[in-house]
2 protein chains.
Amino acid sequence: MSNSIKRMATMQRMQVTGLELFYKKGYYNTSVDDILKELSLSKGAFYYHYDSKEDFFVQIIDNLIVRRVYSMLIEPIEGHDNPLDLITNCFDNALETAVHNEMDFGFMLSNLIAEFNGKNDTIMKHLTDVLKIWEVNLVTTLQKGKFNGFIDRHVDCEGVATYLMSSFIGIRTLMTDVAPSARKYRFMAQLRQYFKSIELKPESV
Amino acid sequence: MSNSIKRMATMQRMQVTGLELFYKKGYYNTSVDDILKELSLSKGAFYYHYDSKEDFFVQIIDNLIVRRVYSMLIEPIEGHDNPLDLITNCFDNALETAVHNEMDFGFMLSNLIAEFNGKNDTIMKHLTDVLKIWEVNLVTTLQKGKFNGFIDRHVDCEGVATYLMSSFIGIRTLMTDVAPSARKYRFMAQLRQYFKSIELKPESV
DNA sequence: TTGTATAGAGACTTAATGGTCTGTTTAACC
DNA sequence: GGTTAAACAGACCATTAAGTCTCTATACAA
């Protein structure tokens with residue numbers, strides 16, 4: 001195996017395992033040694049590839065987390081169908097992984113923001129950048145939906161995006177509680193209710 | 001000063017300062033020494049009154065946090081007026097303190113849940129108990145609103161409560177980002193939009 | 001006034017963790 | 001096949017933080 005390939009493979013392995021542990025136990029509660037133990041690697045390997053734990057984590061955000069956001073929250077809502085339907089299905093799927101206690105973006109990001117807010121500006125900046133990407137894409141999708149006659153023209157797309165992001169991040173925090181499945185079901189019902197209030201109604205044309 | 005009074009005064013001082021620091025820097029990121037330094041007290045004083053850092057924090061939840069939830073999120077929505085108006089004003093006020101970067105319940109709780117989830121079951125139980133109190137009171141208020149003809153009778157009060165809690169917790173996480181004031185404004189507008197979709201409409205009677 | 005329990009001071013112990021440093025192995029290249 | 005640099009091992013260091021222990025001071029009862 002060529003060196004550059006080997007380098008990338010090792011770094012990738014570290015990041016995947018790192019993200020998993022950070023997700024499960026939090027950043028400050030996960031030591032570099034925890035990650036290395038899981039991979040049977042040594043401190044030497046880690047600090048050969050990364051400057052610091054912080055540098056390591058920033059690379060995880062910019063690689064793995066951003067990619068996950070695209071695949072779970074952005075790509076599913078692209079297309080020319082009714083964006084409200086697309087978003088509904090997208091949230092439904094994303095929350096379903098949460099029900100099964102899998103690693104999901106919503107909780108991860110809300111966790112991480114909570115953990116780093118006011119403590120680490122560097123990491124916070126990278127996290128809020130990810131949020132911004134999600135937000136911009138939501139707004140774009142909603143505006144397109146307005147243009148294509150799915151959403152009422154009086155609707156404030158930025159406002160809807162904010163409301164959607166809020167509720168999604170919040171429901172994930174609540175789902176750590178008891179009965180995540182029931183919580184999800186109720187949440188989705190209310191989301192549909194809310195969407196009914198912003199869709200373009202035939203009689204109002 | 002009598003001893004029992006002195007004891008309570010000291011414990012109260014510790015808890016108030018402890019909560020403030022935990023809120024600002026997180027639980028794991030705040031050391032017992034940080035709190036004691038702020039108060040010019042010693043380790044001896046701390047471990048004379050509390051068994052452990054965890055015991056200390058549980059008492060903070062059961063005293064200070066629960067009380068704050070009552071005063072900020074429960075008492076303001078009691079009464080016989082339109083519960084949707086009461087909730088709107090209550091959220092508006094609660095988020096306003098957040099805009100000014102004051103210590104507010106929403107973010108604190110979502111922060112703490114994020115921080116302790118999967119790490120400390122004892123503390124998590126006490127935190128979810130607080131959430132439960134909030135939820136029960138929200139549901140009760142909504143049901144009363146239905147009974148008094150403010151809310152459509154087809155509305156699922158548990159669902160609305162879940163949705164409200166989600167969005168509130170989520171918006172607080174988002175407000176750590178840039179422009180919290182603008183975020184709040186948009187959020188409140190969408191909340192009103194959502195409420196319009198569940199209120200009892202005169203023509204539908 | 002004096003004995004006793006309460007309240008508190010602060011040095012110390014123990015364990016964990018981020019990061020460094022030196023040495024060794026492996027792979028690429030001539 | 002030998003040189004060189006990348007990749008990794010792991011002992012070690014410095015710091016931090018929770019919790020302990022011993023000693024002192026203060027308040028209250030007799």
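Just so it is clear, the values below take in all heavy atoms, side chains as well, and ignore hydrogens, waters and symmetry mates. Convention: sequence-line order gives letters A, B, ...; per-chain numbering from 1.
- The two residues A:K146 and A:C157 have their closest heavy-atom pair at CE-SG, 3.6 Å.
- An OP1 or OP2 oxygen of D:dA7 is reached within less than 4.0 angstrom by no side-chain nitrogen or oxygen of A:T10.
- Of the side-chain N and O atoms in A:K6, none sit less than 4.0 angstrom from OP1 or OP2 of D:dA7.
- In this structure, B:Y163 and A:Y163 have perpendicular ring planes: the angle between them is above 60°, well past the 30° mark.
- Not one side-chain nitrogen or oxygen of A:R7 sits closer than 4.0 Å to the OP1 or OP2 atom of D:dA6.
- Of the possible donor and acceptor atoms, one in the side chain of A:Y23 sits under 3.5 Å from a partner among the backbone N and O of A:E102.
- Here the side chains of A:F107 and A:F168 are not in contact, with every heavy-atom distance at 4.5 Å or above.
- To the nearest angstrom, C1' of D:dA17 lies 15 Å from OH of A:Y28.
- Rounded to whole Å, the distance from CZ on B:F46 to C1' on D:dC21 is 17 Å.
- Rounded to whole angstrom, the span from the CD1 atom of A:I35 across to the P atom of C:dT17 amounts to 11 Å.
- Comparing atom distances between the B:Y48 side chain and each of D:dC8, D:dG19, C:dT6 picks out C:dT6 as nearest.
- The 5' end of DNA chain C is approached more closely, in terms of each residue's nearest nucleotide, by A:N29 than by the other of A:D51 and A:N29.
- Residue A:D55 contributes atom CG, which lies 14 Å from atom P of C:dG18 at whole-angstrom precision.
- Taking atom NZ of A:K37 as the reference point, atom P of C:dA16 lies 10 Å away to the nearest angstrom.
- For the residue pair A:Y194/B:Q190, the side-chain donor-acceptor check at 3.5 Å is satisfied.
- Between the CG atom of B:D33 and the P atom of C:dA9 there is a distance of 13 Å, given to the nearest Å.
- Using the six-membered ring where Trp is involved, B:W134 and B:F91 have ring planes that are tilted, between 30° and 60° apart.
- One atom, CD1 of A:I5, and another, P of D:dA6, lie 17 Å apart when rounded to the nearest Å.
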Just the table, please: protein N/O against nucleotides 9-12 of chain D N/O, every pair under 3.5 Å.
| residue | atom | partner | partner atom | Å |
| --- | --- | --- | --- | --- |
| D:dA9 | OP2 | A:S42 | N | 2.7 |
| D:dA9 | OP2 | A:S42 | OG | 2.9 |
| D:dA9 | O5' | A:S42 | OG | 3.4 |
| D:dA9 | N7 | A:S42 | OG | 3.4 |
| D:dG10 | O6 | A:G44 | N | 3.1 |

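- DNA chain C lies under 4.0 Å from no heavy atom of any residue of residues 11-27 of chain A.
- Taking the side-chain contact (heavy atoms from CB on, under 4.5 Å) definition, one finds that B:Q12 meets it with B:V16, B:L64, sequence neighbours left out.
- A cation-pi arrangement is found for B:K53 relative to B:Y27, the charged atom lying closer than 6.0 Å to the ring centre and inside a 45° cone about the ring normal.
- Taking atom OH on A:Y47 and atom P on C:dT22, their separation rounds to 17 Å, with Å as the unit.
- A donor atom on one side chain and an acceptor atom on the other are found under 3.5 Å apart for B:H126 and B:D62.
- The phosphate of D:dC8 (OP1 or OP2) has a side-chain N or O of A:H49 nearer than 4.0 angstrom.
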